[in-house]
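For reference, the structure is listed below as structure tokens.
Sequence positions, counted from 1, serve as the residue numbers for this chain. Every heavy atom of this structure was used, including side-chain atoms; hydrogens, water molecules and symmetry mates were not.
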Amino acid sequence: MRDAYHEELDSIGDSLVEMARMAGSAIGRATTAILDADLKLAESVIEADQKVDDLQHDLEARAIALLARQQPVATDLRIVVTSLRMSADLERSGDLAQHVAKLTRLRYPERAIPQDLHATILEMGQLAQRLMAKAAEVIVTKDVDLALQLEQDDDAMDLLHRTLFQHLMDERWKHGIETAVDVTLLGRYYERYADHAVAVAKRVVYLVTGEHADELQADVQPEIQPVSGAEGA
């Protein structure tokens, strides 16, 4: 019985990793779709989000069943409760990727993003995908230092987000109000996606240490940097 219990705990962790990988794939494909006005790809991202939702619902049901049957305490209780919270973050990440894809569909056959912002949006999409890949690695390895580093890496996304607003506020903006709204929403989707990846990593820190990430002092440097020199944008 005890072996089966720990196997179920491990399977919950495996489901979290699968959700993270699916959410990472979704944001990468959604980014390609919106930059290329690829309706078929956008529709595939929208449809695939149901799989992430199904995984979350299944994980939630298994976690609640474990709480009811086994009444875990200490570390095991932290694993179950934290897994529930991480699954919510990952499900929301999938939703945000879906929002990017839906914006592609809304503007099709036109491109939602003006050419002069393609490089910034591409970089945001690539960075979001890398952040989620790192979050998946943290779930697998339980590496606290790597988890703490993710919040530092997220600074690169915040910088890119500010770059978008600099374009929007520039008096030379010539793409109209509708495109400005689209770009504002898109920037928010990527920024929030990155926040959820960071939240997943922070929950792993709590799972391993019993302490909240904000309470720990981490002498770490970000590994992920903006590629295109957004500070000068």
Side-chain angles (χ1 to χ4, degrees), residues 1-31 44-98 101 125-151 153-154 192-213 223-224:
M1 285 291 292
R2 205 66 189 164
D3 287 344
Y5 167 55
H6 285 288
E7 285 176 7
E8 187 64 22
L9 282 177
D10 290 343
S11 77
I12 287 175
D14 292 342
S15 293
L16 288 171
V17 173
E18 186 176 358
M19 287 180 71
R21 288 172 177 166
M22 290 175 69
S25 173
I27 198 67
R29 291 183 295 119
T31 300
S44 75
V45 173
I46 294 166
E47 182 179 347
D49 185 58
Q50 185 60 50
K51 296 179 183 177
V52 178
D53 293 347
D54 290 344
L55 269 174
Q56 199 235 353
H57 295 155
D58 178 66
L59 185 153
E60 189 176 70
R62 285 186 285 137
I64 291 172
L66 271 181
L67 288 171
R69 291 197 314 268
Q70 302 291 340
Q71 298 181 348
V73 296
T75 301
D76 287 351
L77 180 60
R78 281 209 308 272
I79 290 173
V80 176
V81 173
T82 304
S83 294
L84 282 168
R85 291 173 175 169
M86 283 194 284
S87 73
D89 283 310
L90 294 168
E91 188 273 335
R92 183 59 183 149
S93 298
D95 287 345
L96 289 163
Q98 186 186 58
Q126 291 174 340
L127 177 56
Q129 194 168 8
R130 293 199 302 275
L131 285 167
M132 190 56 75
K134 202 166 186 178
E137 183 180 353
V138 167
I139 296 170
V140 172
T141 63
K142 306 294 189 294
D143 186 328
V144 170
D145 289 337
L146 188 64
L148 291 169
Q149 193 178 80
L150 216 71
E151 187 165 16
D153 294 336
D154 181 49
R192 288 297 299 143
Y193 184 101
D195 286 347
H196 284 295
V198 171
V200 168
K202 284 184 172 182
R203 296 192 197 284
V204 173
V205 172
Y206 177 71
L207 188 157
V208 173
T209 68
E211 297 182 71
H212 294 287
E223 287 186 345
I224 300 176

Q: Would you please test Ile79 and Ile12 for side chain to side chain contact (heavy atoms under 4.5 Å, CB included) and show each step?
A: CA-CA 9 Å; Ile79 290 173; Ile12 287 175; 5.8 Å; no
(Q) Ignoring hydrogens, what is the shortest heavy-atom contact between Val138 and Ala201? Give both atom names and the distance. (A) CG1-CA, 4.3 Å
Q) Got more than 12 heavy atoms from elsewhere within 6.0 Å of CD, Glu47? A) no
Q) Would Ser15 and Arg62 count as having a side-chain donor-acceptor pair, cut-off 3.5 Å? A) yes
Q | Test side chain to side chain contact (heavy atoms under 4.5 Å, CB included) applied to Val204 and Leu146, step by step | A | CA-CA 10 Å; Val204 173; Leu146 188 64; over 6 Å; no
Q. Out of curiosity, Asp95 CG to Asp49 CG, how far, rounded to the nearest 0.5 Å?
A. 5.0 Å
Q: With the side chain counted from C-beta on, respond yes when Gln149 and Lys134 share a heavy-atom pair under 4.5 Å apart, and no when they do not.
A: yes
Q.
Within the supplied structure, the quantity of interest is the number of heavy atoms (other residues, nucleotides, ligands) at a distance under 6.0 Å from Arg192 CZ; does it exceed 12?
A. yes
(Q) When you measure from the side chain of Tyr193 to the backbone of Ala23, do you find a donor-acceptor pair of N or O atoms at a distance under 3.5 Å? (A) yes
Q: Check Asp145 against Asp143 and note the closest heavy-atom contact, atom names and distance.
A: N-OD1, 3.1 Å
Q) Where is the tightest heavy-atom contact between Ala136 and Arg21, given as atom of each residue plus distance? A) CB-CG, 4.5 Å
(Q) Rounded to the nearest 0.5 Å, what separates atom CG in Leu77 from atom CG in Leu67? (A) 6.5 Å
Q: Decide yes or no for Asp89 and Asp195: does some side-chain heavy atom of the first lie under 4.5 Å from some side-chain heavy atom of the second?
A: no
Q. Less than 4.5 Å apart, any side-chain heavy atom of Gln56 and any of Asp53?
A. no
Q: Could you grab the distance from atom CG of Asp153 to atom CZ of Arg130, nearest 0.5 Å is fine?
A: 9.0 Å
Q | Pairwise side-chain contact, His212 with Lys202, heavy-atom cut-off 4.5 Å (strictly under) | A | no
Q) Partners of Arg29 by side-chain hydrogen bond (donor to acceptor under 3.5 Å, both in side chains), sequence neighbours excluded? A) Ser25, Ser44
Q. Quick one: does Leu131's side chain get under 4.5 Å of Leu127's, heavy atoms only?
A. yes
Q | Distance-minimising heavy-atom pair for Ser93 and His196 | A | OG-CB, 3.3 Å
Q | Arg203 side chain to Thr82 backbone, donor-acceptor under 3.5 Å | A | no
Q. Nearest 0.5 Å, what's the CG-NE2 distance between Asp76 and His6?
A. 5.5 Å
**Q.** Leu90 side chain near Met132 side chain, heavy-atom distance below 4.5 Å
**A.** yes
Q | Side chain to side chain, Thr31 and Gln126, heavy atoms closer than 4.5 Å | A | no
Q: Answer yes or no: is there a side-chain heavy-atom contact under 4.5 Å between Leu16 and Ser83?
A: yes
Q) Any Lys/Arg nitrogen of Lys51 or Asp54 sitting under 4.0 Å from an Asp/Glu carboxylate oxygen of the other? A) no
Q. Between Ile27 and Gly125, which heavy-atom pair has the shortest distance, and what is it?
A. CG2-O, 4.3 Å
Q. Counting heavy atoms not belonging to Arg78, are there more than 12 under 6.0 Å from its CZ?
A. yes
**Q.** Minimal non-hydrogen separation, Val205 against Ala147, with atom names
**A.** CG2-CB, 3.5 Å
Q | Under 3.5 Å: donor-acceptor pair, side chain of Gln98, backbone of Ile46 | A | yes
